[in-house]
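Note: hydrogens, waters and symmetry copies are ignored here, and every other heavy atom, side chains too, is used. In this text the structure is predicted, and so the values were computed from the model without any measurement. Labels below follow one simple rule: chain letters A, B, ... track the order of the sequence lines, proteins then strands, and each chain is numbered from 1.
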Number of protein chains: 2
Amino acid sequence: MSKLLIVDDESRIRELIRKYAIFEGHSVDEATDGMQAVRMALQEDYDLIIMDIMMPELDGFSVCREIRKVKNTPIIVLSARGEEYDRIHGFEMGIDDYVVKPFSPKELMLRVNAVIKRAGGGSISKDEFVYEGLSVDFRARIVTIDGQRVDMTPKEYELFFYMVRNRGIALTRENLISKVWGYDFFGDDRTLDTHIKLLRKSLGEYSRLIVTLRGVGYRFETG
Amino acid sequence: MSKLLIVDDESRIRELIRKYAIFEGHSVDEATDGMQAVRMALQEDYDLIIMDIMMPELDGFSVCREIRKVKNTPIIVLSARGEEYDRIHGFEMGIDDYVVKPFSPKELMLRVNAVIKRAGGGSISKDEFVYEGLSVDFRARIVTIDGQRVDMTPKEYELFFYMVRNRGIALTRENLISKVWGYDFFGDDRTLDTHIKLLRKSLGEYSRLIVTLRGVGYRFETG
DNA sequence: AAAAAAATGAGTAAGCTATTGATAGTAGAC
DNA sequence: GTCTACTATCAATAGCTTACTCATTTTTTT
């Protein structure tokens, strides 16, 4: 049983999802626009947010960005076929999955459950990562080592955030650059190295968790 | 019972395959275009993907390439008679089998079962290969022997991954070189031998799984 | 059956590439 | 205008790939 937030301006869609979600045993809150969604998402701790990408005023991307400044709540995005494929992909950093409209509620629920499971099994997703003396509070955007706060620059934090979120996976340079800098970054090849270096410096002894995969990229790994 | 993904833009074909697949006891998801296929394939862990090669927008080759960047899910390709024979063969790296349209559903199911069996028996194919004390995590790019991490160089990994993905099949020298080094490699003949040697060294006792086919190439075989 | 030829295995070292670390320049925020 | 963070550049280094050589095994030829 998990706590979901459904964000869509069409009541028909909200009802459809709510019906199925409740049938699956989840509890459901609803928001009808982006502003409301941000407010609710920050106020409450949801296990998952299901959100339409196309909404009047504040669209799904902006909502996602706002929430991600503070929280790590998993987000599934709904979009019309083909719509914004590139943007969704370029924005993948914050989106956990997306489903094309019109969708089958069954399929949506499969994904809902998959995302919740992946995020750590429901009942309030973790906004925190802890390994030995290292902890990352996604919500507060604070990294601490042995209780000591570590100051990170925005890029450092974003890079680290992305690596921690995708820990245990080999991340190629292209992947890291496109996800942290954006698919339209055409800067120097060595920029990533420089930031990895800075990040390692910030992480002190825990820099060992960032493993260099020569010729490939990097991997953040815990034990 | 395995989990399949059927990708075809023609609903008639999807229905035909689904009917037979369900009759065989598999569960079935469907995608109607390449984009959706990639999304679904990356999101869910399918035991097998059955995909038409000719699709509007993103064709089967591109879909295969995208999926292969991340996952090792077996793929069977459907193609019209004679169509793209060479490309399919040249693309052997990612495709596990192919069936010519029009096909008999019975034959397709035979191949489906064969591929699933070959891939390790169904019920959620992992991005992991395990045999006795040897395991390969494709996503993390990690090889372990008896729980001990094995360090491999990029080329070693690539060669090994390719061989594991195509296990049980005789791989010619030309095939290995063109797939791992690229079709435009014009280096020394002995380069492959050298890397096989290094790989065997890394694999220790499991080097026995790499069988030399004199005058042909090599085969990675498990039991 | 012996010799020759072909193919593969093994060791070594040179050359190359990717990554790191150090340093400096540049742009944006306040 | 100053300060901070981001980006670029370059030299040094560690690590990887490749080529070369010679040994060994297998196959073919005579």
Side-chain angles (χ1 to χ4, degrees), chain A residues 69 93 141 143 149-163 170-221, chain B residues 141 143 149-163 170-221:
Chain A
K69 282 181 183 168
M93 180 168 177
R141 222 183 155 90
V143 177
R149 180 138 166 206
V150 180
D151 276 332
M152 286 194 184
T153 68
K155 264 283 176 295
E156 248 179 291
Y157 186 79
E158 279 178 55
L159 178 60
F160 188 46
F161 183 20
Y162 183 70
M163 295 188 81
L171 301 167
T172 64
R173 298 175 147 268
E174 299 76 54
N175 188 325
L176 286 166
I177 288 173
S178 72
K179 294 299 153 49
V180 178
W181 274 263
Y183 65 96
D184 53 354
F185 178 82
F186 292 111
D188 195 280
D189 265 6
R190 308 261 67 74
T191 299
L192 175 61
D193 304 49
T194 301
H195 282 274
I196 289 283
K197 179 188 65 186
L198 295 170
L199 181 53
R200 279 174 166 155
K201 200 174 172 189
S202 294
L203 291 176
E205 65 152 318
Y206 290 101
S207 61
R208 68 188 146 87
L209 301 182
I210 297 177
V211 179
T212 303
L213 304 172
R214 188 167 249 271
V216 179
Y218 299 90
R219 182 179 55 221
F220 184 82
E221 61 177 51
Chain B
R141 241 185 139 89
V143 177
R149 182 83 58 96
V150 180
D151 276 332
M152 287 193 184
T153 68
K155 265 284 176 295
E156 258 178 279
Y157 267 117
E158 282 178 54
L159 179 59
F160 188 46
F161 283 11
Y162 181 69
M163 295 188 79
L171 300 166
T172 65
R173 298 175 145 264
E174 299 74 53
N175 187 327
L176 285 166
I177 287 173
S178 70
K179 292 297 152 50
V180 178
W181 275 263
Y183 66 95
D184 52 354
F185 178 81
F186 292 112
D188 195 280
D189 267 4
R190 309 255 63 72
T191 299
L192 176 60
D193 303 53
T194 300
H195 282 274
I196 289 283
K197 176 189 65 187
L198 295 170
L199 181 52
R200 279 176 165 154
K201 199 174 173 188
S202 292
L203 291 176
E205 63 153 318
Y206 290 101
S207 60
R208 67 188 147 87
L209 301 181
I210 297 177
V211 178
T212 304
L213 304 171
R214 206 182 177 77
V216 180
Y218 300 90
R219 184 178 54 221
F220 185 82
E221 60 177 48

Starting from [atom2] on [N], measure out to [atom1] on [X] and report it in whole angstrom.
X        : N      : atom1 : atom2 : value
A/Leu198 : D/dA8  : CG    : C1'   : 13 Å
B/Arg214 : D/dT28 : CZ    : P     : 10 Å
A/Ile177 : C/dA18 : CD1   : P     : 14 Å
A/Met152 : D/dC6  : CE    : C1'   : 16 Å

Just N and O in the side chain of [X]: are any of them under 4.0 Å from OP1 or OP2 of [N]?
X        : N      : value
A/Tyr218 : C/dT20 : yes
A/Thr212 : C/dT19 : no
B/Arg200 : C/dG9  : yes
B/Thr153 : D/dT17 : yes
B/Trp181 : D/dT17 : no

Positive for side chain to side chain contact (heavy atoms under 4.5 Å, CB included) with B/Tyr218, one of B/Leu159, B/Leu199, B/Thr172, B/Leu176
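Exactly one option meets the side chain to side chain contact (heavy atoms under 4.5 Å, CB included) with B/Tyr218, and it is B/Leu176.
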
Under 4.0 Å between a side-chain nitrogen and a carboxylate oxygen: does that hold for B/Arg149 and A/Glu221?
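Counted as a salt bridge, because a side-chain N and a carboxylate O are separated by less than 4.0 Å.
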
Please work out which of the three classes, parallel, tilted or perpendicular, describes the rings of B/Tyr157 and B/Phe161, given edges at 30° and 60°.
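It falls in the perpendicular class, over 60°.
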
